[in-house]
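Please read the structure below before turning to the comments.
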Amino acid sequence: MNEQEAKTFIEQLQHEGLLTEENRPIWEMIVPERLKRMYDVLNQRTRYITVLTEAVDDPHNQAAVLRTAEAFGLQDVYVVTGQAPFQPNPFVTRHADKWLTLHQKRDIATAIKELQANGYQVLASYLGEGTVPLHDIDLSRPTALLFGNEHRGVSEEAVHLSDGTFIIPMYGFVQSFNISVAAALTLYDVTERARKQAGETYYLTFAEKKELYEKWMWQTLQPRIRKMMEERLGRSY
């Protein structure tokens with residue numbers, strides 16, 4: 001990006017309202033190429049699809065789900081812990097988690113009911129009777145995809161509270177995937193279809209973009225610079 005391109009891009013973001021005089025001290029510390037990268041990702045972000053994990057104990061699996069969710073443009077991930085704490089492996093996440101909004105809930109009933117109250121249908125990955133193939137999921141409304149424990153799957157309570165269940169069709173002797181693989185296959189299919197079906201409602205609102213973009217600008221600063229700016233401006237993210 002040359003000097004004129006950078007100038008034009010900054011003016012564009014100011015015109016759109018993402019860069020303001022209020023946050024000028026922050027964005028002036030960031031190179032235009034970095035601002036552009038965050039802007040491009042921001043415009044593909046969604047809250048139309050989200051993920052909820054129940055009692056996923058393995059740090060590798062915790063991290064893999066986060067990395068997959070971020071890669072497919074999801075902004076929110078909801079987590080209910082099981083026997084192990086939520087400590088995703090940083091070597092697997094590759095810092096993907098810092099770009100996400102994580103919601104840790106105390107139990108599965110609280111998580112599901114909150115999502116439903118916010119307009120989501122909650123669909124659980126489940127091998128039991130009455131489940132529908134992944135490609136038949138109705139995506140006409142915001143959808144939360146629930147994945148359960150590595151060994152036990154989702155709890156019966158979660159199945160009971162969910163709005164439906166789905167399965168990834170398999171044709172071999174093995175009838176289940178590791179959760180990280182299941183999440184990747186599911187999100188690839190669902191985000192592709194939802195993006196086409198939901199249109200503009202699939203993406204973030206301007207207010208959501210503005211809030212998130214400023215948060216990302218803070219996060220992209222080096223820790224020393226961030227601390228200095230926090231002290232100077234008297235605020236932080």
Side-chain angles (χ1 to χ4, degrees), residues 40-54 56 61 64-80 96-97 99-103 105 108-149 153-171 175-209 211-212:
D40 290 342
V41 171
L42 181 73
N43 283 319
Q44 295 300 320
R45 273 297 201 258
T46 187
R47 285 193 160 112
Y48 192 89
I49 302 296
T50 189
V51 163
L52 166 60
T53 62
E54 179 192 23
V56 175
N61 288 334
V65 171
L66 296 183
R67 186 170 173 178
T68 297
E70 200 283 325
F72 283 112
L74 275 61
Q75 184 55 41
D76 297 311
V77 173
Y78 290 75
V79 175
V80 175
D97 50 324
W99 306 109
L100 297 169
T101 303
L102 300 179
H103 308 264
K105 302 300 174 182
I108 194 63
T110 297
I112 291 177
K113 290 176 181 177
E114 180 177 311
L115 284 161
Q116 291 168 332
N118 289 334
Y120 288 91
Q121 62 172 345
V122 178
L123 304 178
S125 176
Y126 182 63
L127 299 176
E129 293 185 7
T131 194
V132 301
L134 172 63
H135 52 260
D136 287 338
I137 289 177
D138 178 11
L139 299 173
S140 60
R141 54 185 290 202
T143 301
L145 301 159
L146 167 58
F147 299 94
N149 177 265
V154 295
S155 66
E156 288 301 317
E157 180 184 18
V159 173
H160 176 73
L161 291 171
S162 295
D163 299 291
T165 58
F166 69 92
I167 188 172
I168 302 172
M170 288 169 274
Y171 305 99
Q175 288 300 299
S176 65
F177 288 112
N178 176 276
I179 179 179
S180 62
V181 176
L185 292 172
T186 300
L187 290 179
Y188 174 77
D189 174 83
V190 168
T191 55
E192 283 292 302
R193 291 194 291 119
R195 188 178 291 109
K196 297 173 184 176
Q197 187 170 346
E200 286 303 310
T201 60
Y202 181 81
Y203 302 99
L204 301 181
T205 65
F206 173 75
E208 290 173 320
K209 287 181 181 180
E211 179 182 5
L212 192 58

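All values reported here derive from a predicted model rather than from experimental measurement.
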*Looking at side-chain heavy atoms only, is the closest gap between I137 and L123 below 4.5 Å?*
yes
*Between CG on residue N61 and OG1 on residue T53, distance to nearest 0.5 Å*: 10.0 Å
*Quick one: do V56 and V65 satisfy side-chain contact (heavy atoms from CB on, under 4.5 Å)? Show the steps, please.*
CA-CA 10 Å; V56 175; V65 171; 5.6 Å; no
*For the pair V80 and T110, evaluate side-chain contact (heavy atoms from CB on, under 4.5 Å) and give the outcome as yes or no after the intermediate values.*
CA-CA 9 Å; V80 175; T110 297; over 6 Å; no
*About how many Å separate CD of E200 and OH of Y48, when rounded to the nearest 0.5 Å?*
13.0 Å
*Under 4.5 Å between any side-chain heavy atoms of D40 and Q44, yes or no?*
no
*Please list, chain by chain and in numerical order, all residues satisfying salt bridge (charged side-chain N to carboxylate O under 4.0 Å, His left out) with D76, sequence neighbours excluded.*
R47
*side chain to side chain donor-acceptor pair (under 3.5 Å) with T46: which residues, sequence neighbours excluded?*
none
*Using a 4.5 Å cut-off on heavy atoms from C-beta on, say whether the side chain of T68 contacts that of Y188.*
no
*State, to 0.1 Å, how close A69 and V77 come at their nearest heavy-atom pair, and which atoms those are.*
CB-CG2, 3.8 Å
*Among all residues two or more places apart in sequence or in another chain, which pass the salt bridge (charged side-chain N to carboxylate O under 4.0 Å, His left out) test with E211?*
none
*Under the side chain to side chain donor-acceptor pair (under 3.5 Å) test, residues paired with Q116 that sit two or more places apart*: D163
*With H103, which residues qualify under ring pair (Phe, Tyr, Trp, His ring centres under 6.0 Å), at least two apart?*
Y78
*Would you indicate whether the side-chain heavy atoms of V122 and L161 approach each other to under 4.5 Å?*
no
*asked:* To the closest 0.5 Å, what do you measure between CZ (R195) and CD1 (I49)?
replied: 10.0 Å
*Do you know the tightest heavy-atom contact between R45 and L74?*
NE-O, 3.6 Å
*When you measure from the side chain of E70 to the backbone N and O of W99, does any donor-acceptor pair fall under 3.5 Å?*
no
*What's the shortest heavy-atom distance between A144 and L115, and which atoms?*
CB-CD1, 3.9 Å
*asked:* Just verifying a value: how many Å separate I108 CD1 and S162 OG, rounded to the nearest 0.5 Å?
replied: 7.0 Å
*Are any of the side-chain heavy atoms of Y203 and N43 separated by less than 4.5 Å?*
no
*Looking at CG of L146 and OG1 of T186, how far apart are the two atoms once the value is rounded to the nearest 0.5 Å?*
11.0 Å
*Check whether any side-chain N or O of T131 sits under 3.5 Å from a backbone N or O of L127 as a donor-acceptor pair, and report yes or no.*
no
*Compare every heavy atom of L212 with every heavy atom of Q75, then report the nearest pair and how far apart it is.*
OE1-CD2, 3.3 Å
_With S125 via side chain to side chain contact (heavy atoms under 4.5 Å, CB included) - residues at least two apart_ = F147, F166
*To the nearest 0.5 Å, what is the distance between NZ (K196) and OG1 (T191)?*
10.0 Å
*Look only at the side chain of T143 and the backbone of R141, and say whether a donor-acceptor pair between them is shorter than 3.5 Å.*
yes
*Could you tell me whether the side chain of H135 reaches within less than 4.5 Å of the side chain of P169, counting heavy atoms only?*
yes
_Q121 (side chain) donor-acceptor with D138 (main chain) under 3.5 angstrom_ = yes
